[in-house]
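Since we're looking at a predicted model, the values are computed, not measured. Convention: sequence-line order gives letters A, B, ...; per-chain numbering from 1.
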Amino acid sequence: DVKVTQSSRYLVKRTGEKVFLECVQDMDHENMFWYRQDPGLGLRLIYFSYDVKMKEKGDIPEGYSVSREKKERFSLILESASTNQTSMYLCASSFPGAGVNNEQFFGPGTRLTVL
Amino acid sequence: AQSVTQLGSHVSVSEGALVLLRCNYSSSVPPYLFWYVQYPNQGLQLLLKYTSAATLVKGINGFEAEFKKSETSFHLTKPSAHMSDAAEYFCAVSESGGYQKVTFGTGTKLQVIP
């Protein structure tokens, strides 16, 4: 059974802290994605990676960075957390290529609160 | 550039009634279209997908969607709502090629009234 796991379901951090969100997939997918989900805004893409050590900015990369040292792991980093980064963060993965292989598999999400 | 519009952030239906969730898309090339469902406190899971093989797509849990190119629509339907269908539903569009970026709609929360 395909699986995407995220390191924490709930996280509370202080303003200015460095925050690491970890995502691991066991499907040997090349593509991995980080989204944030906010009420009324849907899912917005922060960063994605199509290969180890490769990354591309999404729609809202400001205040975030990512790391992909291994194929199965994709980390989202908040260099200095701010209250406006309080959100639900979703990780996803997929095979490359068009058509049916575009299906993304999602983790359960990390609800981050920055105080 | 691709985009998705979901009409209605909240939809309420009675148990047993027809479910209709609306989605319109914009894409410069033939699109791939998806519906995802998110149950409370969970990630998203795929309901169904359109990849040009057939305009009427059947998915899990009795849902289906029809691709209408002339209307640029991909509405999600289910003949008879069940209490377990209460969730948030997201329409998404992807264009072939490149890195297969997927653009999601803002979501529609479905409430099922007993």
Counting heavy-atom pairs closer than 4.5 Å to chain A, which one of B:V4, B:T103, B:T106, B:N41 comes out on top? B:T106
Please say yes or no: joined through hydrophobic side-chain contacts below 4.5 Å, possibly via intermediate residues, are B:L48 and B:L56 part of one cluster? no
Assigning hydrophobic clusters by single linkage (Ile, Leu, Val, Met, Phe, Trp, Tyr; side-chain heavy-atom cutoff under 4.5 Å), is B:Y25 placed with B:V37? yes
At a 4.5 Å cut-off on heavy atoms, which part of B:Y36 comes close to chain A: side chain, backbone, both, or neither? side chain
Measure A:Q37 against the heavy atoms of chain B and call it side chain, backbone, both or neither at under 4.5 Å. side chain
Mind checking side chain to side chain donor-acceptor pair (under 3.5 Å) for A:Q6 and listing every partner two or more places apart, or none if nothing turns up? A:T110
Can you say whether A:D38 sits under 4.5 Å from chain B via the side chain, the backbone, both, or neither, judging by heavy atoms? neither
Mind listing the side-chain donor-acceptor pairs of residues 5-20 of chain B below 3.5 Å, one per line with the distance, residues two or more places apart or on another chain?
unit_1, atom_1, unit_2, atom_2, d
B:Q6, OE1, B:C91, N, 3.0
B:Q6, OE1, B:G107, N, 3.1
B:Q6, NE2, B:Y89, O, 3.0
B:Q6, NE2, B:T108, OG1, 3.3
B:S12, OG, B:Q111, OE1, 2.8

So if you build clusters from Ile, Leu, Val, Met, Phe, Trp, Tyr with side-chain heavy-atom gaps below 4.5 Å, do A:F74 and A:I60 land together? yes
Going by side chain to side chain donor-acceptor pair (under 3.5 Å), name the residues that satisfy it together with A:K53, two or more places apart in sequence or in a different chain. A:E69
Kindly work out whether a path of hydrophobic side-chain contacts (I/L/V/M/F/W/Y, heavy atoms less than 4.5 Å apart) joins B:F34 to B:L47. no
So with a 6.0 Å cut-off around NZ of B:K109, is the heavy-atom count from everything else above 12? no
May I ask you to list the residues in residues 9-18 of chain A that approach chain B closer than 4.5 angstrom, counting heavy atoms only, ordered by number? A:R9, A:Y10
Could you walk me through whether A:F48 and B:V102 pass the side chain to side chain contact (heavy atoms under 4.5 Å, CB included) check? CA-CA 11 Å; A:F48 66 100; B:V102 177; over 6 Å; no
Heavy-atom count check: over 12 atoms from other residues, nucleotides or ligands less than 6.0 Å from B:R22 CZ? no
Could you tell me whether the side chain of B:Q38 reaches within less than 4.5 Å of the side chain of A:L43, counting heavy atoms only? no
Checking heavy atoms, do the side chain of B:Q45, its backbone, both or neither come under 4.5 Å from chain A? neither
Just how far is it from atom CZ of A:F106 to atom CG of B:L46, taken to the nearest 0.5 Å? 9.5 Å
Does one hydrophobic cluster hold both B:L76 and B:F104, with members joined at side-chain heavy-atom distances below 4.5 Å? no
